[in-house]
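Reviewing the structure listed below.
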Amino acid sequence: MVRALGSRMAVLSLLLLGGLWSAVEASNMAVVTCGSVVKLLNTRHNVRLHSHDVRYGSGSGQQSVTGVTSVDDSNSYWRIRGKTATVCERGTPIRCGQPIRLTHINTGRNLHSHHFTSPLSGNQEVSAFGEEGEGDYLDDWTVLCNGPYWVRDGEVRFKHSSTDVLLSVTGEQYGRPISGQKEVHGMAQPSQNNYWKAMEGIFMKPSELLKAEVRHAEL
């Protein structure tokens with residue numbers, strides 16, 4: 001009985017150490033946090049997620065979302081926020097599996113999708129919607145990644161929380177007035193076309209919330 005108790009204590013100790021290690025590791029990683037302003041690179045097609053005050057000529061007629069090769073385009077910055085009707089405090093690390101909103105800095109509209117057909121590939125349309133950062137529940141995207149947190153060096157997928165499509169690029173290219181820009185759309189199936197990585201931007205440091213998690217794990 002003493003031996004069995006000792007074995008259970010050993011397992012419990014390992015579990016506690018695992019939790020502590022996970023929290024400490026997260027505090028030391030370059031995690032992506034709420035309030036950060038970033039550019040997102042599609043790693044398969046080497047284009048950055050982009051929007052501008054140009055509307056689709058078909059489908060929803062909402063503000064178009066594209067992919068651009070330019071590194072310096074200011075229309076490729078997005079702010080990471082909490083899901084619709086919630087507040088994600090600045091510096092809060094984004095967990096894998098967490099729903100978020102991405103708000104376009106220059107126009108104040110949110111990355112959005114719905115049951116319209118995209119103009120080039122015939123997949124699901126992705127647009128920018130709302131005013132001054134406020135839209136609706138179709139602006140929510142779930143971050144899919146490995147591990148507890150979205151980290152800057154890691155590739156992630158964004159799954160539309162309402163329709164389950166994945167934010168994707170498959171290479172279709174627009175003509176005028178946005179010549180050379182690639183179509184961004186939603187796809188039902190996971191593939192290499194769905195992977196994104198945080199690139200240039202302003203990354204908020206992890207907040208006191210993560211430090212509190214580390215202290216809790218130590219207890």
Side-chain angles (χ1 to χ4, degrees), residues 14-51 65 67-69 71-73 76-84 86-105 110-111 113 126 139-161 164-169 184 186-187 189-218:
L14 286 172
L15 289 172
L16 289 172
L17 283 172
L20 173 60
W21 174 254
S22 176
V24 171
E25 184 181 35
S27 68
N28 292 327
M29 287 188 302
V31 293
V32 178
T33 57
C34 284
S36 295
V37 176
V38 302
K39 293 184 178 182
L40 295 167
L41 176 73
N42 182 280
T43 57
R44 172 68 176 82
H45 294 276
N46 198 37
V47 291
R48 284 161 174 76
L49 188 68
H50 178 272
S51 192
V65 173
V68 297
T69 55
V71 177
D72 301 325
D73 196 320
S76 299
Y77 282 112
W78 302 81
R79 185 182 304 279
I80 301 169
R81 303 169 64 208
K83 68 178 183 178
T84 302
T86 67
V87 175
C88 185
E89 296 294 338
R90 187 173 66 178
T92 302
I94 302 296
R95 291 184 175 275
C96 297
Q98 177 178 336
I100 63 168
R101 279 174 294 174
L102 293 168
T103 301
H104 189 243
I105 290 297
N110 299 322
L111 189 71
S113 194
V126 170
D139 301 338
D140 295 342
W141 298 80
T142 300
V143 180
L144 304 181
C145 49
N146 295 318
Y149 298 99
W150 177 7
V151 295
R152 286 173 57 180
D153 290 338
E155 293 183 337
V156 301
R157 287 184 168 113
F158 299 102
K159 184 177 183 179
H160 192 239
S161 300
D164 292 337
V165 296
L166 297 161
L167 187 68
S168 306
V169 178
V184 173
M187 295 183 67
Q189 298 300 323
S191 72
Q192 291 299 314
N193 297 309
N194 319 134
Y195 281 112
W196 300 83
K197 186 176 181 181
M199 299 297 288
E200 306 82 9
I202 301 170
F203 292 87
M204 298 297 167
K205 291 182 178 180
S207 68
E208 293 297 323
L209 291 174
L210 186 56
K211 296 176 184 178
E213 184 176 332
V214 172
R215 288 195 295 271
H216 179 73
E218 288 174 338

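Owing to the predicted nature of the structure, the values given are computational and were not obtained by experimental measurement.
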Which heavy atom of [X] sits nearest to which heavy atom of [Y], and what is that distance?
X	Y	value
S113	V165	OG-CG2, 4.3 Å
V32	V151	CG2-C, 4.0 Å
V126	G186	CG2-N, 3.6 Å

**Asked** Should the ring pair W196 and F158 be called parallel, tilted or perpendicular, given that the plane angle runs from 0 to 90° and is split at 30 and 60?
**Response**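 Rings of W196 and F158: tilted, 30 to 60°.
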Spacing of [X] atom [atom1] and [Y] atom [atom2] [to the nearest 0.5 Å]:
X	Y	atom1	atom2	result
R101	T84	CZ	OG1	5.0 Å
C88	Q98	SG	CD	5.5 Å
L166	Y195	CG	OH	9.5 Å
L144	L167	CG	CG	11.0 Å
Q192	N42	CD	CG	10.0 Å
L111	D140	CG	CG	10.5 Å

Test of understanding: with side-chain contact (heavy atoms from CB on, under 4.5 Å), list the residues that count as partners of [X], not counting sequence neighbours.
X	result
R90	M204
Y77	V37, K39, I105
S191	N193, N194
D164	K159

- Message: I'd like to check the side chain to side chain donor-acceptor pair (under 3.5 Å) partners of R81; sequence neighbours left out, ordered by chain and number.
- Response: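 If we apply the side chain to side chain donor-acceptor pair (under 3.5 Å) test to R81, skipping adjacent residues, the hits are T103, E134.
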Practice item. Kindly write out the residues that satisfy side chain to side chain donor-acceptor pair (under 3.5 Å) with T69, not counting sequence neighbours, or none if the list is empty. Key: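 Partners of T69 under the side chain to side chain donor-acceptor pair (under 3.5 Å) test: none.
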Check your understanding: Under the ring-ring contact (aromatic ring centres under 6.0 Å, His included) test, which residues partner H160, sequence neighbours left out?
Key ->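 Listed in chain order: W141.
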query: In a check of side-chain contact (heavy atoms from CB on, under 4.5 Å) between I80 and each of L40, T92, I94, which one passes?
result: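 Running side-chain contact (heavy atoms from CB on, under 4.5 Å) over L40, T92, I94 with I80 returns exactly one hit, I94.
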ask   = Per the side-chain contact (heavy atoms from CB on, under 4.5 Å) rule, which among P93, C96, P206 passes with Y149?
value =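 Answer after filtering P93, C96, P206: P93.
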Among residues two or more places apart or on two chains, list those pairs meeting salt bridge (charged side-chain N to carboxylate O under 4.0 Å, His left out) that have a residue in residues 144-157.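 For residues 144-157: none.
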> Does anything in residues 190-202 pair up under salt bridge (charged side-chain N to carboxylate O under 4.0 Å, His left out), and if so which pairs, sequence neighbours excluded?
Replying inline: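 Of all non-adjacent pairs touching residues 190-202, those that pass salt bridge (charged side-chain N to carboxylate O under 4.0 Å, His left out) are R48-E200.
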Counting N and O atoms only, with roles assigned by atom type, does the side chain of W150 sit under 3.5 Å from a partner on the main chain of A198, one being a donor and the other an acceptor?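 Side chain of W150 to backbone of A198, a donor-acceptor pair under 3.5 Å: no, none is there.
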With distance as the sole test, does H50 use its side chain to make a donor-acceptor pair with the main-chain N or O of V68 at under 3.5 Å?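 Checking the backbone N and O of V68 against the side chain of H50, no donor-acceptor pair under 3.5 Å is found.
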